[in-house]
Amino acid sequence: MSDGTPLCGFTVGITASRRAEEFATLLTRRGATVVHAPAIRIIPLADDTELERVTRQIIDSPPEIVVATTGIGFRGWMEAAEGWGEAEELGRALAASRLLARGPKAKGAIRAADLREEWSPASESSAEVLDHLLGEGVEGKRIAVQLHGATTEWEPIADFCEVLRCAGADVIAVPVYRWTPLEDQAPMDRMIDLIASGGLDAVSFTSAPAVASLLTRAKETGLIEVVLHSLRHRVLAVCVGPVTAGPLRELEVPTTMPERSRLGALARHIADELPRRANKIQTAGHELSIRGGCVVVDGEVRQLPPAAMSLMRTLGARPGRVVPREELLAALPGGGGDTHAVETAVARLRASLGAPKVVQTVVKRGYRLALDPVDCVDAREEELR
């Protein structure tokens with residue numbers, strides 16, 4: 001594996017709907033295998049009479065403050081106004097208001113409309129925007145809030161508009177778009193299965209609704225606890241920024257993110273993090289790294305059939321320790337009750353690895369990874385703790 005392809009042997013899940021092909025290209029150029037399952041479908045409301053009514057209300061009487069929460073939402077609003085022939089009027093109304101942007105994407109959309117934001121939080125958090133407004137006092141003020149998506153049990157931020165209303169503000173909600181899961185859930189179900197089984201090394205998220213959609217579907221299919229356990233211990237959750245990571249952090253799922261909330265930075269971050277976090281096992285004179293969809297043996301990627309890959313994940317979860325045949329049988333696709341299937345699968349695993357001594361038979365007990373002496377000592381000490 002060269003420095004130019006640091007993700008060779010790693011499998012990365014992409015949940016993005018927008019710019020997914022561009023993001024996939026950034027990862028595959030670095031050697032990754034990509035699994036794509038769009039988590040949400042954005043439904044623009046350009047033809048929505050409520051959005052047109054609210055837009056006209058803002059044009060006729062500009063609010064004191066306008067809060068832009070998402071880049072795609074603010075751009076969609078301006079495009080809808082263009083379609084109605086009201087873009088210039090809306091632009092003048094917004095220019096007469098104090099514009100607050102939740103994050104850099106919203107800020108970019110504001111500036112693309114030849115407008116300027118007054119303030120934007122470093123955290124890119126709706127909660128910080130809310131604190132900022134409440135801190136300066138909102139009683140009696142007219143505030144327009146560009147809404148985004150839909151609230152779910154996985155998105156912990158309290159109702160932004162309702163909090164402002166309770167503080168005495170006259171709030172105008174601007175319903176620019178909403179999101180829904182895709183009608184065809186088969187790709188998402190496959191993604192969830194891969195997360196649950198450890199078939200991915202990482203899964204990436206570029207929006208909080210995408211996180212919410214995946215978790216909602218996992219709950220519907222009865223896999224939510226397995227998915228959360230895997231995200232906590234096996235599959236790296238990589239988010240574009242802190243807002244996206246919010247629902248996962250509430251569930252105590254560790255996340256990682258780039259310093260800048262950009263697609264290119266996200267791809268580079270994944271390319272830095274996965275090799276750094278990769279497990280390396282010294283066994284029978286070889287260096288093994290067990291990935292989501294393959295095993296790397298002495299720097300060479302070895303693609304394994306599903307049964308062999310299941311055995312490697314199970315053996316690799318406890319390197320050096322004996323795993324009983326019954327447990328390995330349960331890990332095999334299809335299971336069954338004949339432990340002879342384990343012997344056959346182990347034989348194929350050894351052949352696929354090209355290093356037969358890596359998997360050691362322990363007579364009448366099961367199988368284990370034959371760790372080199374120094375690793376055996378480490379494994380024994382860990383077991384005694």
Side-chain angles (χ1 to χ4, degrees), residues 1-2 5-11 31 33 194 196-202 226 229-230 232-236 273-385:
M1 287 175 282
S2 69
T5 54
L7 292 178
C8 187
F10 290 102
T11 304
T33 297
L194 286 171
S197 65
L200 299 179
D201 295 289
V226 182
H229 181 272
S230 192
R232 288 170 185 144
H233 302 285
R234 298 164 72 180
V235 179
L236 182 65
E273 285 296 301
L274 282 183
R276 185 179 70 80
R277 294 169 182 254
N279 61 338
K280 293 179 181 178
I281 304 169
Q282 303 300 323
T283 168
H286 299 277
E287 182 181 87
L288 256 65
S289 182
I290 303 170
R291 309 279 170 82
C294 69
V295 177
V296 179
V297 183
D298 298 327
E300 181 180 350
V301 174
R302 296 275 184 167
Q303 298 292 343
L304 273 58
M309 197 67 228
S310 295
L311 290 186
M312 275 305 297
R313 290 193 192 109
T314 305
L315 292 167
R318 293 177 289 176
R321 301 184 194 178
V322 178
V323 181
R325 285 178 174 80
E326 292 75 17
E327 187 174 336
L328 291 171
L329 180 63
L332 288 176
D338 185 2
T339 55
H340 179 69
V342 175
E343 297 171 17
T344 303
V346 167
R348 290 175 179 165
L349 170 59
R350 287 169 171 157
S352 299
L353 290 174
K357 293 182 180 180
V358 162
V359 181
Q360 185 180 62
T361 303
V362 181
V363 180
K364 295 183 179 180
R365 293 182 62 197
Y367 298 90
R368 70 185 183 100
L369 293 184
L371 292 200
D372 289 347
V374 63
D375 291 315
C376 284
V377 172
D378 292 342
R380 196 173 298 116
E381 288 177 352
E382 181 67 28
E383 194 167 0
L384 292 173
R385 286 176 188 167

Nearest-0.5 Å distance, [atom1] of residue [X] to [atom2] of residue [Y]:
| X | Y | atom1 | atom2 | value |
| --- | --- | --- | --- | --- |
| Leu288 | Gln282 | CG | CD | 9.0 Å |
| Glu300 | Cys8 | CD | SG | 10.0 Å |
| Leu371 | Gln360 | CG | CD | 9.5 Å |
| Arg291 | Thr33 | CZ | OG1 | 10.5 Å |
| Arg325 | Lys364 | CZ | NZ | 11.0 Å |
| Leu236 | Glu273 | CG | CD | 6.5 Å |

Minimum-distance pair of heavy atoms, taken over all atoms of [X] and [Y]:
| X | Y | answer |
| --- | --- | --- |
| Gly293 | Thr11 | N-OG1, 3.9 Å |
| Pro319 | Ile281 | CG-CD1, 4.1 Å |
| Pro324 | Val322 | CD-O, 3.8 Å |
| Ser352 | Pro305 | OG-CD, 3.7 Å |
| Leu7 | Pro275 | CD2-CD, 4.3 Å |
| Phe10 | Leu274 | CZ-O, 3.6 Å |

Backbone of [Y] reached by a side-chain donor or acceptor of [X] within 3.5 Å:
| X | Y | answer |
| --- | --- | --- |
| Arg234 | Gly292 | no |
| Ser289 | Asn279 | yes |
| Asp298 | His286 | no |

Residues in ring pair (Phe, Tyr, Trp, His ring centres under 6.0 Å) contact with His233, at least two apart in sequence or another chain: His229
Does the side chain of [Y] come within less than 4.5 Å of [X]'s, by heavy atoms?
| X | Y | result |
| --- | --- | --- |
| Val358 | Val297 | no |
| Leu332 | Leu311 | yes |
| Glu327 | Arg318 | yes |
| Thr283 | Lys357 | no |
| Ser197 | Val226 | no |

For residues 341-348, please give each side-chain donor-acceptor pair under 3.5 Å, one per line with the distance, not counting sequence neighbours.
unit_1 : atom_1 : unit_2 : atom_2 : d
Glu343 : OE1    : His340 : ND1    : 3.4
Thr344 : OG1    : His340 : O      : 3.3

Side chain to side chain donor-acceptor pair (under 3.5 Å): pairs with one or both residues in residues 305-317, sequence neighbours excluded: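 Residue pairs passing side chain to side chain donor-acceptor pair (under 3.5 Å), neighbours aside: none found.
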Whether over 12 other heavy atoms sit under 6.0 Å from Arg232 CZ: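 Counting other residues, nucleotides and ligands, CZ of Arg232 exceeds 12 neighbours.
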